[in-house]
Structures are given as C-alpha cells and as structure tokens.
2 protein chains.
Amino acid sequence: MAVKILVIEDEAAIREMVDMSLAAAGFEVFQAESGEEGFSLLNEHVPDLILLDWMLPGMSGIDFARRIKKDPLCSDIPVIMLTARGEEEDKVRGLDSGADDFVTKPFSPRELVSRIKAVLRRASPMSSEEVVEVDGLKLDPLSHRVTAHDNKVDMGPTEFRLLHFFMTHPERVFTRGQLLDNVWGTNVYVEERTVDVHIRRLRKAIAGSGHDRLVQTVRGAGYRFSAKP
Amino acid sequence: MAVKILVIEDEAAIREMVDMSLAAAGFEVFQAESGEEGFSLLNEHVPDLILLDWMLPGMSGIDFARRIKKDPLCSDIPVIMLTARGEEEDKVRGLDSGADDFVTKPFSPRELVSRIKAVLRRASPMSSEEVVEVDGLKLDPLSHRVTAHDNKVDMGPTEFRLLHFFMTHPERVFTRGQLLDNVWGTNVYVEERTVDVHIRRLRKAIAGSGHDRLVQTVRGAGYRFSAKP
DNA sequence: CGTCGAGGTGACAGTTTCGTGGCAACTGGT
DNA sequence: ACCAGTTGCCACGAAACTGTCACCTCGACG
C-alpha cells in the first residue's frame, strides 16, 4: 500500500527533483503545475499528503490550502508548504491556513523526505486504548500486552489485532471475509483460508490456561469469540 | 527537555494568544480544538500540564478531565481549567472535576504563565525533578546520574533522556515516532531507525546489572519499559 | 458405512522487522 | 589544530512474521 503524495509546484525543475526524491523514498507521486490541476487530480486519487508551493500562478498556495481544509473529504490530509524564504510572517499566515509544516527552499531531498515522514506519523494515531478482559484473559492495547491470569501470553501482531477485534466484539459470528476487512484491512487481497491459519495460531497462543474454547468455530459461517461453550 | 503543555481550546484567537504567551515563556505547546483531538495528541506527546477549556464542542472539559484522571498513566498530569467569568465559574469549581487550578477568561498572559508555573511547582515532583526508581535502577534528573544498586551507570545525554522518558511512562508501548517526538523533540527530523540505535546503546549501558530486559521490543509496534517479563 | 465438504495442522519460502558493528560528521574542551 | 565523546545513519545478518499449500481430521448426511 504505497503512500501517495500530491506535489503542486509550478517550477518544472523543482517538481522533477522532488518527484525523484520521493519516488526513491518509496512514495507514489502525483504532479500538478497549478492549483486547478491539483484539484482535478484530487478527484482521481486521494493522496495521503500534499506538498504545496507557496507561490503559484493563479490560485495561491494559501487559497488552495484553505479550500482543502473546507472539503470534509480532504480536510484531514496533511499539507506541507514549500516557501522561498524563511520569512516569519509568511510562516504565521501559513499556519492559520492549516499547513502542517514548512520547508524552505532550497532544501535537501533528505530533509524533505524526513519531514514528510514526520508529518505522516503524526497524522495517524493508534487505535483504542481501553483494556479488555474476558474470563481472566486480559488485553491491554496501551502496553500492547496480553495476560492470562497475570501470565504473559505471546503472539504475533496479526494474532494480537485479531484477538483485540474479537474481544471488542464478543458473542458474534464473523465470516472470514469480515475478519479480513476488520483485522487485515480493506483493499488487501488475502486468501480466506489464511484466516484459519491465524485462528489456529491465536488458539495455540492462548491455549495454555484453559482459554482455548474462547475462539469457536461456527461451521459453514465463520468464527466467534465467546466465554460460553 | 522543554516543559510540554497541551492546550485544548476551541476558539482559535484564544488558542493562538495562549500559544504565543507560553512559547515566549519557554514552554513547548501542543494545540487541540476538541477533546477528541486532545486525546489523540495525548497519545503522541505526553504533556507535563494540560490547559483545558471548560466549554468545548462535543466532549466537555469536565468529561475530558474525568477521563484523564481515570487513566492511571495520565492521572498525574496536572490540569488547569479555563472558565468564562460569570455564573459558570462557581458551578465548575463546585464540581469534582479533578482540576488543579482555574483561570477565568479574560486573563493576562502574565497571569496565566505564573499560574502554570505555580501548578507545575506544586504538582510536578513526579514529572521532572524527582528521582525515579524501578527494580534497583535509579535515575536522578537533578544530578543527572543513573545508578544500578548504587553502581554508577554511564550513558550519553540522549540515552539519559530516553531512559527518563521510559521510566516516567512505564508499562506502555511507544512507537518510534512517539519516542522521537517526546525524547528528541517535535521539530527534529531524524530517521525512525535511529531510535533502534539508541535503544541498543541504552540497553548496553544498563545491561551490566541484569537490568536489560527492562527495555522491551514489541514487534511491529515499538518499545516498552517494564519490569515484568 | 462411505462420501464429501469444511475446517485443522504442520511445513515452507518470501518478506518484514530488528539487532549490531562501524563510520563520518559534529561538538566542546585543551 | 587535536582529541575524546556523542550522534545520526547505513549495511549486513539474524530472527520473527506472513501467506500458501498439501495433507489430514472431523462432522453431517444419505
């Protein structure tokens, strides 16, 4: 799942340089020369981040950022502004417009990539933080730990997410497809039988303390997490 | 390391004014417009103090404070409530909100800063000055020393800050990004893998006295400091 | 009892993640 | 200028994790 970045910059030289750097860093880049072109691209691909030049012909970067933030579909997309000079006033005005960070030209490819990563990791927080407990089996998302009557239980990341999903949705049958959507994520193609394998691994992980039987097979339908037999 | 303050306030004008004042006083400020945003910020930056508006869209300031105080990991963070002058003030003070202080709007920046410093002095032996000890490993922020069963432990400044952050927030997983934000600083752009290197150096430093195993790897998530295996 | 489909199980190879040593750049003191 | 300590980054290898497959077991049903 490649991270998509929309670059809006009118100078071809800079645009190419940025394109190269980001592509080399593993990002998927979409280029636009103007705000208008940026908007039409926005309709085709929703990017994970927008790199926006401060000075643009026609619609300025500020205008573009303001319009972005108004659109509920795009308002969560972080914006990094490219400015020519580190003018303090410009920065303040930019901040009001909703930009998440500023990079002043000239900049090194390394710095640009680094700051993009920094903005991206701030934009995506982690999931819920409530401790879940069923029948002595405790799962703590904050410490990312599972204990069975205070004994540590080891499992892989996928098993952890699977168990977390089960424990927050107990007593309910899920098909393999639903589990794939909720635990693996949409837009990923994985064989449904793979769910069986991870169910097996999860069962083995929590088996030690009589906590098997918690993950139940519903023949012909899917799986269920329940304390009742 | 700079004192971090989380400001939760929906009015942009007040938020900016507070931001300016606190930044001028040497604090590191994080802004949030709503309780929800505040919580997600809380996940990334653990602040030393929270400045909380009483009237918030959605989750009210009271709700937010209560939820904070319920979380054992955040319950030690002092909270200052911002209230409008008038009829609300008395009600708020009467409620069991868990706030450490109240500041009524309108207020002067000078007053706000001095109240913040007062609360920090009063409530912060936990946060930055007190000696922390876990399992015979003692860290003294004032004398900048770490001892393991009275034997001095040597490490670099970055390892010291990393260990201090870990010891004041044990039993919780932090992603590399969160560690970068909280130990290195928000406006620093460093590769996430660099965290691994300093984790290694920290482990090597405290390894001598059986105090490895304290810094634990959580595969796919980040690192955790815990006395439990 | 035999058949058949659904689910369980163990193994395996590709991929991802993490640990580790080394190195160049930088800093502050002499 | 030199030296010692620190820092960030890279490259390599080890270890863990993942998705699939082939094969086995189980249960329902005629």
Side-chain angles (χ1 to χ4, degrees), chain A residues 1-3 21 24-26 108-115 117-118 121 144 146 152-164 173-181 183-185 187-207 212-225, chain B residues 1 144 146 152-163 173-177 179-181 183-185 187-207 212-224:
Chain A
M1 182 171 57
V3 176
S21 319
S108 74
R110 171 188 300 282
E111 183 193 5
L112 182 64
V113 170
S114 185
R115 295 176 72 157
K117 285 181 180 171
R121 75 170 174 252
H144 205 279
V146 180
K152 192 179 74 157
V153 176
D154 274 320
M155 64 184 71
T158 305
E159 284 70 61
F160 186 87
R161 289 198 310 274
L162 183 59
L163 179 60
H164 186 231
V173 179
F174 294 99
T175 66
R176 292 171 175 75
Q178 289 173 322
L179 290 174
L180 283 177
D181 283 344
V183 177
W184 274 256
N187 309 333
V188 262
Y189 178 68
V190 178
E191 290 291 325
E192 293 207 336
R193 287 289 265 131
T194 298
V195 175
D196 296 21
V197 178
H198 284 275
I199 289 283
R200 158 98 170 73
R201 287 168 181 161
L202 175 57
R203 278 172 171 160
K204 190 193 274 186
I206 65 177
D212 45 353
R213 307 294 176 146
L214 280 178
V215 180
Q216 301 165 355
T217 305
V218 181
R219 206 174 173 77
Y223 295 96
R224 169 180 51 199
F225 184 87
Chain B
M1 183 166 48
H144 208 271
V146 179
K152 188 170 184 297
V153 176
D154 274 321
M155 64 182 70
T158 304
E159 283 71 59
F160 185 87
R161 289 199 309 275
L162 183 59
L163 179 60
V173 173
F174 294 97
T175 65
R176 293 172 175 74
L179 291 173
L180 283 178
D181 286 343
V183 177
W184 275 256
N187 297 317
V188 181
Y189 305 98
V190 176
E191 289 293 320
E192 295 203 343
R193 280 298 251 118
T194 297
V195 175
D196 297 20
V197 179
H198 285 273
I199 289 282
R200 159 110 185 5
R201 288 167 181 160
L202 174 57
R203 277 171 172 161
K204 190 191 276 186
I206 65 177
D212 46 354
R213 307 297 178 110
L214 280 179
V215 180
Q216 302 165 355
T217 304
V218 180
R219 209 156 241 272
Y223 294 98
R224 169 181 53 203

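Below, read A as the first sequence line, B as the second, and so on, with proteins coming before strands; counting in each chain starts at 1.
Considering only side-chain N and O atoms, B:Thr194 lies under 4.0 angstrom from the phosphate OP1 or OP2 of D:dC9. Taking side-chain N and O atoms only, B:Arg176 has a distance below 4.0 Å to OP1 or OP2 of C:dC18. The phosphate of C:dT20 (OP1 or OP2) has a side-chain N or O of B:Arg200 nearer than 4.0 angstrom. For B:Thr217 and C:dT17, the shortest distance from a side-chain N or O to OP1 or OP2 is not below 4.0 Å. B:Trp184 has a side-chain polar atom (N or O) that falls below the 4.0 Å cut-off from OP1 or OP2 of D:dG8. Put simply, A:Arg203 has a side-chain N or O that comes within less than 4.0 Å of OP1 or OP2 on C:dG8.
Here the C1' atom of nucleotide D:dT20 and the NE2 atom of A:His198 are 10 Å apart, to the nearest Å. We find that CD1 of A:Ile199 is positioned 8 Å from P of C:dG8, with the value rounded to whole Å. With rounding to whole Å, A:Leu179 atom CG is found 13 Å from D:dG19 atom P. Spacing between atom CG of A:Leu180 and atom P of D:dT20 amounts to 9 Å, rounded to whole angstrom units. Rounded to whole angstrom, the span from the OH atom of A:Tyr189 across to the C1' atom of D:dG19 amounts to 11 Å. Protein atom CE of A:Met155 is 16 Å distant from nucleotide atom C1' of D:dT18, rounded to whole Å. The CG-C1' distance, from B:Asp196 to C:dG21, rounds to 14 Å in whole Å. Rounded to an integer number of Å, the gap from A:Gln216 CD to D:dG27 C1' is 17 Å.
Minimum heavy-atom separation, B:Arg219 to A:Pro157: O-CG, 3.7 Å. Considering every non-hydrogen atom in both B:Arg161 and B:Val183, the closest pair reads NE-O, 3.2 Å.
Both A:Val197 and B:Val190 sit near DNA chain D, but only B:Val190 has its closest nucleotide nearer the 5' end. Closest-nucleotide positions on DNA chain C for A:Arg201 and A:Val218 were compared, and the one nearer the 5' end corresponds to A:Val218.
A:Glu192 comes within 4.0 angstrom of no nucleic acid atom, judged by non-hydrogen atoms across all strands. Residue contacts shown for A:Arg193 include a base, since a base heavy atom lies under 4.0 Å away. Contact annotation for B:Tyr223: backbone-only contact, meaning every heavy-atom pair under 4.0 Å involves sugar-phosphate atoms and none involves a base.
In this structure, the side chains of B:Leu162 and B:Arg201 stay at 4.5 Å or more apart for every pair of heavy atoms. Side-chain atoms of B:Phe160 and B:Leu202, non-hydrogen and from C-beta on, never get closer than 4.5 Å to each other.
Using a 3.5 Å distance cut-off with no hydrogens or angles, the side chains of B:Tyr189 and B:Glu191 do not pair a donor with an acceptor.
Residue B:Arg219 places its side chain closer to D:dA15 than to any other of D:dA15, C:dA6, D:dG8. In this structure, the nucleotide among C:dG21, D:dT7, C:dG8 sitting nearest to the side chain of B:Pro157 is D:dT7. Looking at the side chain of B:Glu191, the nearest of the listed nucleotides D:dC9, D:dT20, C:dG7 is D:dC9.
Counting only distance, with no hydrogens or angles, the side chain of B:Arg224 and the backbone of B:Val215 share no donor-acceptor pair below 3.5 Å.
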